[in-house]
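Chain letters run A, B, ... following the sequence lines, proteins first and then strands; every chain starts at 1.
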Amino acid sequence: MTSGLITFYAVGALIVVFALLVVTSRNTVHSILYLVADFLAVALLYATMNSMFVATIQILVYAGGIVVLYLFVVMLVKQKSESELASDPRRRNVIGGILVAAVLGELVVLGVSNAISPAAPSVNAPGGVENVAMALFTDYLIPFEVVSILLLVAMVGAIILARREI
Amino acid sequence: MMGEVSPTHYMMLSAVLFMIGVFGVVTRRNIIIIFMSIELILNAVNINLIAFSLQWDNSVGQVFALFVIAVAAAEAAVGLGIILALYRNKETINIDEMNVMKW
Amino acid sequence: MIDAIVLPLLKILVVLNAVLVGVTFMVLLERKVIAWAQARLGPMRVGPYGMLQPIADVLKLMVKEDITPAKADKWVFTAAPMIALIPALIVFAVVPFGPEVSIFGRRVTLAITDLNVGLLYVVSVTSIGVYGIILAGWASNSKFPLLASLRASAQLISYEVAVTMILVSMVVSAGTLSMAGIIDAQYQQGVWYAFAQPLAFVVFFIGGLAETNRAPFDMPEAEQELTGGFHTEYSGMRFALFFLAEYANMIVVSCVATTLFLGGWLQPFPNVSALSFLGFVPGWMWFLGKTFVFLYVFLWIRATLPRYRYDQLMRIGWKVLIPLGIANVVVSAVLKVLL
C-alpha cells in the first residue's frame, strides 16, 4: 500500500460519501453544501493527479461560481413544503436503486477484467500550466473561441430568461 | 494486490460517481436536485478524462476537461434561468407537476 | 523528513500565529486611526495608550452569551463563520514573505509553499469566502440578514470579475502564475509593477476595497442601513469570527497587492549599487512594511470617504472597473508582444 493509494482511497471515499449525501438529503440547502464539499474533494483529487491548473479552475468555476448560482436560485424559489409529498417514493427509490446497482456492477466487472497497468510518472509534467496553454492555444484554438461565444450566448440567454416581465 | 494507483482505480471511482448522479436524476423530484446530479455526472466524466491525461502523459485530457467545465457553467446558468421562469408561471419545482405542454 | 513535514508545519504555525495576532491588533489600530482622524484619542484606558485593548475585546467576546435564533438552521448557522474565516487564512500558504535565508545552517524559503499556479489559487480560494456571507444570511432565518447577505454576495461576485481581470494582466506582464515568480520577474525587469501598470494598481486596490466589504463599499454591514447586515443575529465568538474573517481578508488583499505591485520582499532599487545599504534590512521586513502601508491606507480611506449607495456600487463594479480591466489586459498583452 503506497502513500499514493492511501491518498486515493481517502479522497475517493470523501467524494463518494458527499455525492451520496447530495442525492439523498431532504433539505435542498444542505444538498448544495454537500455539493460544494464534493467539488472541493474532486479538486483535491485533481491536485493529486498532477493537474493543479484544472484543480484551481474546478474550485474557481464549479465551487465558487456554479454552486453560488444554485444557492441564489434556491433562496429565490420559496418552497412551500420542504419535504417531498410522495405518491409512492419508495417504489421509485427501489427501482432506481436496482437499475443503478445493475449498471454499476456491469461497469465494475468490465473495468476490472480489462485492468490497465499504470504508466511510469513522466519528467515533463503534463499538468503544468504551460503545457495546457500550449495545447489550448495552438491545437484547440477554434474550440476555445467557440466556447467563448457559447458563454456569451449563455450569459445573454440567462439574463433574458430570468428577467421579470413587467 | 494493487501497489500503484492505476487508471482502473480512477475509472471505478468515476463509474461510482456517475451512477450516483444517475440515481439522483432518476429518483428525486426536486428539479434543482436533478440539476445538481447532472453536475455530479459531468464531474465523473472529468475525473475519467484527467486520469487518462495522467496515464498517457498528454495534456489533451485536461484541455477537454476545461471545455467540459466551461460548458457545464453555461448549461447551469441557462438551466437555472429556465427554472426561474418556470417557477414564476407554475409556482412549483416538483417535476411531477410540470407535465403539461400548454396551460 | 524534516524538510518535508516538520519545516512546513513550523512555518504554518508561525504564519497562523502572526496572522491571528495581527488581526486582533488590527481592531485596535482601526479604532486608533479613525480616532486620530477625528481629532480624538481612541481607546486609552486598557494598558499604556490602550495597547491591551484587543485582549479585553477578545475576553469580552468569549464570555458573551451564545444566542441562536429559533428555527435557524443550527448546523449551517454555526458553520457559516468558519466558512468565512478559513479561505482568508489558507491563502497565506502561497504568500512569499521573504527570500531564501539560512536558519541554523539550513536553507529555508520564507514562504510556506510556492505553487505553480499560486495566483490562481489565491483567486479561487477567496471566491469560496462568498459562501460564509450567503449562508450566514440564510441560516439566520430573518429578513434583514437575508437581504443584506444577498446584497453583499452580489457585490463580492461582481468585483471578483474586475480583480481577476487585473490579475490576468499582471500574469501577462510577469509571464508566470507563481507568486515567487512574479517577484522575480519584477526584479529581472527592474521595475515594480505599480509603476509599470498604474491603472491596474488603482483598479486592484478599489476592487480589493469592495472585495473585503470595506468603506466606501461597506453597504452590507452598515449599521444605519440594514441593522447590522448579515451578522445581525450573531453574538459572542461567532460574531468575533466574522470580524476576524474581515480583517484577515484585508491582510490578504494587502499581502497580494504588495507581492504583485510593490515587489514583495525586494528592497527599493535593488539594481542600484549606491543604495545597496538598504540590503541590511531583511526581505521580510520590507514585505511587512509595505503590507502595513496598504493596511494604513485601508483605514485612512474608511475614516475619510462616505459610503456608496448600492446601485452606485454595482454601477462602478460593472460599468467602470470591468471595462478598465479588460482594456488593461488588451494593452498589456499588446505591449508585452511589441516590447
Side-chain angles (χ1 to χ4, degrees), chain A residues 2 4-5 8 12 15-16 19-20 22-23 28 31 35 42 45-46 49-51 54 57-58 61-62 65-66 69-70 73-74 76-77 79 84 92-93 96-97 99-100 103-104 107-108 111-112 115-119 122 126-127 131-132 135-136 140 143 147 150-151 154-155 157-158 161-162, chain B residues 2-9 11-13 15-17 19-24 26-30 32-33 35-37 39-40 43 46-47 50-51 53-60 62-63 65-67 69-78 80-85 87 93-94 96:
Chain A
T2 59
L5 203 58
F8 170 76
I15 294 177
V16 171
L20 280 172
V22 168
V23 299
T28 314
S31 279
L35 192 68
V42 170
L45 186 69
Y46 292 160
M49 285 204 265
N50 199 11
S51 320
V54 183
I57 294 291
Q58 163 97 3
V61 173
Y62 257 122
I66 295 181
L69 200 55
Y70 276 107
V73 170
V74 162
L76 290 175
V77 167
Q79 292 166 254
E84 306 194 339
R92 190 190 269 246
N93 282 356
L99 278 173
V100 163
V103 178
L104 189 58
L107 284 175
V108 168
V112 171
I116 312 175
S117 60
S122 84
N131 297 28
V132 172
L136 195 57
Y140 299 100
V147 162
L150 171 76
L151 286 172
M155 187 168 24
L161 278 171
Chain B
M2 308 156 274
E4 286 280 329
V5 190
S6 67
T8 312
H9 289 94
M11 287 201 295
M12 290 302 108
L13 176 64
V16 169
L17 193 60
M19 293 322 291
I20 292 177
V22 169
F23 180 73
V26 162
T27 311
R28 298 293 296 254
R29 238 101 35 84
N30 190 339
I32 297 183
I33 308 265
F35 266 79
M36 294 202 290
S37 310
E39 301 293 337
L40 281 180
N43 266 303
N46 267 345
I47 293 180
I50 306 273
S53 159
L54 182 68
Q55 163 77 4
W56 300 111
D57 191 19
N58 196 347
S59 54
V60 176
Q62 301 185 18
V63 171
L66 282 177
F67 284 138
I69 293 180
V71 170
E75 167 230 333
V78 175
L80 290 172
I82 293 179
I83 291 179
L84 275 181
Y87 180 77
I93 50 172
N94 190 346
D96 281 344

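In this structure, chain A has heavy atoms under 4.5 Å from both the backbone and the side chain of B:Met19. Only the side chain of B:Leu40 comes within contact range of chain A, with at least one heavy atom under 4.5 Å from a heavy atom of that chain. At a 4.5 Å heavy-atom cutoff, the contact between B:Glu39 and chain A is made by backbone and side-chain atoms alike. Only the side chain of B:Leu17 comes within contact range of chain A, judged by heavy atoms closer than 4.5 Å. Using a 4.5 Å cut-off between heavy atoms, B:Leu13 touches chain A through its side chain atoms alone. When heavy atoms are compared at a cutoff of 4.5 Å, A:Tyr70 approaches chain B by way of both its backbone and its side chain.
When each of B:Asn43, B:Ile83, B:Val16 is checked for heavy-atom pairs under 4.5 Å with chain A, B:Asn43 comes out on top. Most heavy-atom pairs under 4.5 Å with chain B: of the set A:Ser31, A:Gly157, A:Ala135, A:Gly65, this distinction falls to A:Ser31. Among B:Leu84, B:Val63, B:Ile50, the residue making the largest number of heavy-atom pairs under 4.5 Å with chain A is B:Ile50. Annotation: maximal heavy-atom pairing with chain A below 4.5 Å, among B:Leu66, B:Val26, B:Ile69, B:Val22, occurs at B:Ile69.
For A:Ala154, the side-chain contact (heavy atoms from CB on, under 4.5 Å) test picks out B:Ala74, B:Val78, with sequence neighbours left out. Under the ring-ring contact (aromatic ring centres under 6.0 Å, His included) criterion, A:Phe8 pairs with B:His9, B:Tyr10, not counting sequence neighbours.
Considering CZ of B:Phe35 and CG of A:Leu69, their distance stands at 11.0 Å, rounded to 0.5 Å.
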